[in-house]
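To keep things clear, I will list the structure first and then write my remarks on it.
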Amino acid sequence: MSDTEFHSITASMLARIESTVDQWLQDDVVDIDTHRTGGLLELGFPNGSKIVINTQPPLHEMWLAARQGGFHYKYAKGAWRDTRDGREFFEALSACASEQAGRPLRFEPAVSA
């Protein structure tokens, strides 16, 4: 993957996460605050906990930090996979967000063309 592809894919991914959180707020599902600075997105939950998603351009990785721990993801075969156990990023993000929000939440990966 080129640097340009990495930046394009990760920017789209972060925008999709923000859009999902915005929709939940509009639908009165859960009030999660978002704050984005470049390739870093913070999700702030009503209980004061946070999830931080951070792009790592030199490594071509995405990092996820949550109560459950810190995770690193590499892009492979159309999905971001945990470098340790192969778990898909949006599956892990959904599990972490659900735990921190105290209710089931589901982030959907992009549909592959």
First locate atom CG of Leu93, then atom CD of Glu108, and finally report the distance between them rounded to the nearest 0.5 Å.
11.0 Å

Any idea how Trp63 and His72 line up, ring-wise: parallel (<30°), tilted (30 to 60°), or perpendicular (>60°)?
parallel

Beyond-backbone contact of Leu43 with Lys50, side-chain heavy atoms, under 4.5 angstrom
no

What I'd like to find out is whether the side chain of Arg81 reaches to under 4.5 Å of the side chain of Lys74, using heavy atoms alone.
no

Give a yes or no answer on whether the side chain of Glu61 reaches the backbone of Thr55 with a donor-acceptor pair at less than 3.5 Å.
no

At their closest point, which heavy atom of Leu64 faces which heavy atom of Cys96, and how far apart are they?
CD2-SG, 4.4 Å

Is any side-chain heavy atom of Pro109 less than 4.5 Å from a side-chain heavy atom of Glu88?
yes

Please report the shortest heavy-atom distance between Glu42 and Val52, naming the atom on each side.
CG-CG2, 4.0 Å

Check for a donor-acceptor pair, side chain of Ser49 on one end and backbone N or O of Phe45 on the other, with a separation under 3.5 Å.
no

Please answer whether the main-chain N or O of Arg84 pairs with a side-chain N or O of Asp82 as donor and acceptor at a distance below 3.5 Å.
yes

Side-chain heavy-atom pair Ser2, Glu5 within 4.5 angstrom cut-off
yes

Counting only N and O atoms by type, is there a donor-acceptor contact under 3.5 Å from the side chain of Arg106 to the main-chain atoms of Ser98?
no

Which atoms form the tightest heavy-atom contact between Ala11 and Arg36, and what is the distance?
O-NH2, 3.7 Å

Spacing of CH2 belonging to Trp80 relative to OG1 belonging to Thr10, to within rounding of 0.5 Å
6.5 Å

Is there a donor-acceptor pair closer than 3.5 Å between any side-chain N or O of Asn54 and the backbone N or O of Leu41?
no

Is there a side-chain contact between Ile17 and Ile53 in this structure, where contact means two heavy atoms from C-beta onward sitting under 4.5 Å apart?
yes

Please check if atom CG in Asp28 has more than 12 non-hydrogen atoms from other residues, nucleotides or ligands closer than 6.0 Å.
no

Electrostatic pair Glu99-Arg67, nearest N-O below 4.0 angstrom
yes

Would a 4.5 Å heavy-atom cut-off, applied to side chains only, mark Phe89 and Met13 as touching?
yes

Identified side-chain contact (heavy atoms from CB on, under 4.5 Å) counterpart of Ile32 within the set Leu25, Leu105, Asp22
Leu105

Here the pair of heavy atoms bringing Arg87 nearest to Ala95 is NH2-CB, 3.2 Å

Which atoms form the tightest heavy-atom contact between Ala101 and Val30, and what is the distance?
CB-CG2, 4.2 Å

Does the pair Phe90 and Phe107 meet the rule for a ring-ring contact (aromatic ring centres under 6.0 Å, His included), with working shown?
CA-CA 6 Å; Phe90 285 101; Phe107 288 91; 7.0 Å; no

When you compare the side chain of Ile9 with that of Met1, does any pair of heavy atoms fall below 4.5 Å?
yes

Tell me whether Thr20 contacts the main-chain N or O of Arg16 through its side chain, where contact means a donor paired with an acceptor under 3.5 Å.
yes

